[in-house]
Each structure stands twice: as C-alpha cells, then as structure tokens.
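In each ligand, atom 1 is the first atom listed, and ligand 1 is the first ligand listed.
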Amino acid sequence: MILNDFIPQMEPWFGSEEKIAINEYMGEGGWLTEFQRTTEFENRIAEYTGAKHCIVVNNGTISLTLMAIAAGIKAGDEVIVPNYTMIATPNSVKIFGAVPVFVDVEPETLCMNLESAKNAITDKTKAILFVNANGRNPKAGMEQFVKLCNEKGLILLEDAAQSLGSFYPSGKHQGTIGLAGSLSFSAPKIISTGQGGAIITNDDDMAFKLKRLKDFGRSGGGNDVHDTIGYNFKFTEMQAVIGNEQMKKLPWRVDRKKEIYKLFKEKLRDVKQVSFFDQDLQCTTPWFIDVQVEDRENLQACLKECGVGTRIMYPPINKQVAYNTSGEFVVSNTVGDKGLWLPSAAQLTDEQIKYVCDKIKYFYS
Ligand SMILES: Cc1ncc(COP(=O)(O)O)c(C=O)c1O
C-alpha cells in the first residue's frame, strides 16, 4: 500500500464535477476575470460562515495583508502574532513595515496564549492577529481576546486560514468574531481553488475598503477613478467555478475529517508516545491530524519505508532564519521538536488509516 500520495498536502481532490463545470464555463465564452461566478463563490462563503461580507483575493497571505491595511495598521505598528503558525501570518504585516511581535501558544490547542499576549502589549501595539491553529478554539476562550482588545483599544483580526468548517462554542464561525477574518484556499486546505484567499467581515466600511484595495483603488467597478492607492489582487472566474464545486463538497469533507480524526485517536489511544491536542469535534474540524511524537525522525523514516508520507509541523517562527529573534517559547519549541502531521486527506479510507496506525504501533512496540 502506497500512502505517499496521502501526505497532508494532497487535499484538493478535484473530480469530475469540477471538470464538467470548467468545461461548461469555457463553452460560455465568459469573462475569465472575476464576475458572476466569483460573486456566487463569495456568497456561498458568506452564507456558510454567517459573515455579512466576503471578498475573495488571490491567496490567503494577501488576504491577511489587505485585511491589516484596511483595518488601519501602518508601518511601525506592532502586531501580536503566535510563534506557532504558518510563516505567512507574520510576513503578511512585515511586508508593509508593521512589526510582528511573537508570543507563545497554549500547549493544549496551539492557539495564542492569552497571558503571553497581555504581556506583549506596548504603546506601539495596534492589533492582535489571532490564529485558530488547525481550526481549534483557544482554551482561554475567544471572548477573553475580544475583551482584552476592547480594554486596550486594539484591533482583533483572525487568521482563519485553517478554519473553514470550524466554529466557536457560541456558534459563530471562526473568523467572524474580530473586525475581520482571513481564509485560504491553497492546495492543502479543506476546499481549494489552487491558490485563493478571502476576507470575511461584518463591517461595511472594511468591506468597502477591501474591495477598493484589491482593485487598483477604483472607486467603482469598471471605471478608472482612483480615490486611493490600491493594487491588483483579484480572483478569476475559473477559480470561482472550481470553488463553487468545492463548496458543495464541504459538508461531506467536514464530516469525513471528523471521522478520520476519531479513527486516529481511537486506534492510537494506547500509544503513549503519540499525543493529540484538544480538538472539540462538536465545534471544530481538524484540517490535519497533528500530533506530538517521541523519536520523530526515526518514526518518519519507518513510515516512509512503509509508503506513508508525513510532514514536520511548523518550526517556531522566532528560530526561522528569516526572523531569528530571541525569547522564551516553550510550547512552540516543543512542537518544533515533536510535532508531526500524519496523513489527513479526506479521501483516506478507514483501511488506510488502520494501516498507518498499525505501522505506528509496530514502530513503538
Ligand atoms: C495560518 C495560515 N495563515 C496563512 C496561510 C497562507 O495562505 P496561502 O497559502 O493561501 O497564502 C496559511 C497557509 O497554509 C496558513 O496556514
């Protein structure tokens, strides 16, 4: 059995539905650049997440950048970010001169640690950019982050790139509690348009600014009047055609991701060298199967020999050469040493999951 194809980054799973839809669209002689299919895709995401507005852009990094700019964050402002996340989170504000300030994460969820965030606030802090790690909710409660931001006059933004299908206990979709939230549709995400991102927000002014920012600063569609500086971060109809088909598959994938997580947890429950994070399946959808393991390197090698691909989780960002900053980050350091993504794609069969777990048990026996 070869499971290398089922390493976490193999999610998109385009099928005949996408092929038919693209063929139909190409037969219509449409616009190619964003138009009605894009609006349909935005409406689908807004409806699913319960957000008032959804603005799609060309990836989930630029969506973070535009969200931060539209929120009024400027060069020199400090933005608090978790030290465990994909590097796009800090890079998205670094690109225009804002300063990412790293704080450690909770051991149970890998979401930002509330106390560490409080301690990192200075006169220059403008915002908290919260990340729902693997769609998880912070143990401290998201309402505590809202309270902190309200008390300190900070903007709360959510990097919900890994969150489609994950909700807060209140029933609100992740990404909809702060001023705005950012989603990603890159290849490994629960739905994908190849590349793609979106900002969801309930704030009319944010939505207006974001639409302008992604379209050269145009004051309206189809004119060349520019009240402000803007850029070109527009979507394409072809991506939207695929996105609309992917959205139809989302409910099934959400269920399947939860089943896969349950199966892994159940089959590995007696393996003390493998530990899972707190995933509340009532509200949240595990995007990847992320675990901490003993003897990671040898386990990976053993699984590879058995045809099973795995991937090391994000290293602590402060230790990346790109940042190389000092600080005490016990939890993200431990993830850097022990964190491992197991095969996680929604199309994995129960037999394949059993096979992976048997090999893990064999390795530790
Ligand atoms: C937390 C987080 N933020 C941002 C991104 C960047 O998204 P994209 O690859 O669409 O630019 C990712 C991608 O994996 C992510 O996981």
Check: After noting the C-alpha distance and the side-chain angles of D350 and K354, does the key distance pass the salt bridge (Lys or Arg N to Asp or Glu O under 4.0 Å) rule?
Finding: CA-CA 6 Å; D350 291 3; K354 184 173 176 303; over 6 Å; no
Next item on the list: Any atoms of ligand 1 less than 4.0 Å from a non-hydrogen atom of S186? List them with their elements.
Entry: 9 (O), 10 (O)
Next item on the list: Please could you name the atoms of ligand 1 that T61 approaches to less than 4.0 Å, counting only its heavy atoms?
Entry: 6 (C), 7 (O), 8 (P), 11 (O)
Notebook entry, point to check: Which part of T85 is near ligand 1, with near meaning a heavy atom under 4.0 Å away: side chain, backbone, both or neither?
Noted result: side chain
Next item on the list: Please determine which of F264, F277, Y314 meets the ring-ring contact (aromatic ring centres under 6.0 Å, His included) test together with W341.
Entry: Y314
Next item on the list: Would you please indicate if the ring centroids of F235 and F185 are separated by under 6.0 Å?
Entry: no
Margin query: Please list the nearest protein heavy atom to atom 12 (C) of ligand 1 with its residue and the distance rounded to 0.1 Å.
Written below: M86 SD, 3.6 Å
Notebook entry, point to check: Measuring from the heavy atoms of S182, does anything fall under 4.0 Å of ligand 1?
Noted result: no
Notebook entry, point to check: Mind checking whether I353 and E266 have side chains closer than 4.5 Å, heavy atoms only?
Noted result: no
Check: Got the closest protein heavy atom to atom 16 (O) of ligand 1, with its distance?
Finding: Q162 NE2, 2.8 Å
Note to self: Can you confirm whether I73 sits close enough to L157 that some side-chain heavy atom of one is under 4.5 Å from a side-chain heavy atom of the other?
What the structure shows: yes
Check: Heavy atom of F288 under 4.0 Å from ligand 1?
Finding: no
Next item on the list: Over 60° means perpendicular and under 30° means parallel, so classify the ring planes of H173 and Y48, tilted if in between.
Entry: perpendicular
Note to self: Could you tell me, atom by atom, which parts of ligand 1 come under 4.0 Å of a heavy atom of A88?
What the structure shows: 4 (C), 5 (C), 6 (C)
Note to self: Among K262, R256, K257, exactly one meets side chain to side chain donor-acceptor pair (under 3.5 Å) together with E259. Which residue is that?
What the structure shows: R256
Next item on the list: Would you kindly specify which portion of D159 sits under 4.0 Å from ligand 1, judged on non-hydrogen atoms: side chain, backbone, both or neither?
Entry: side chain
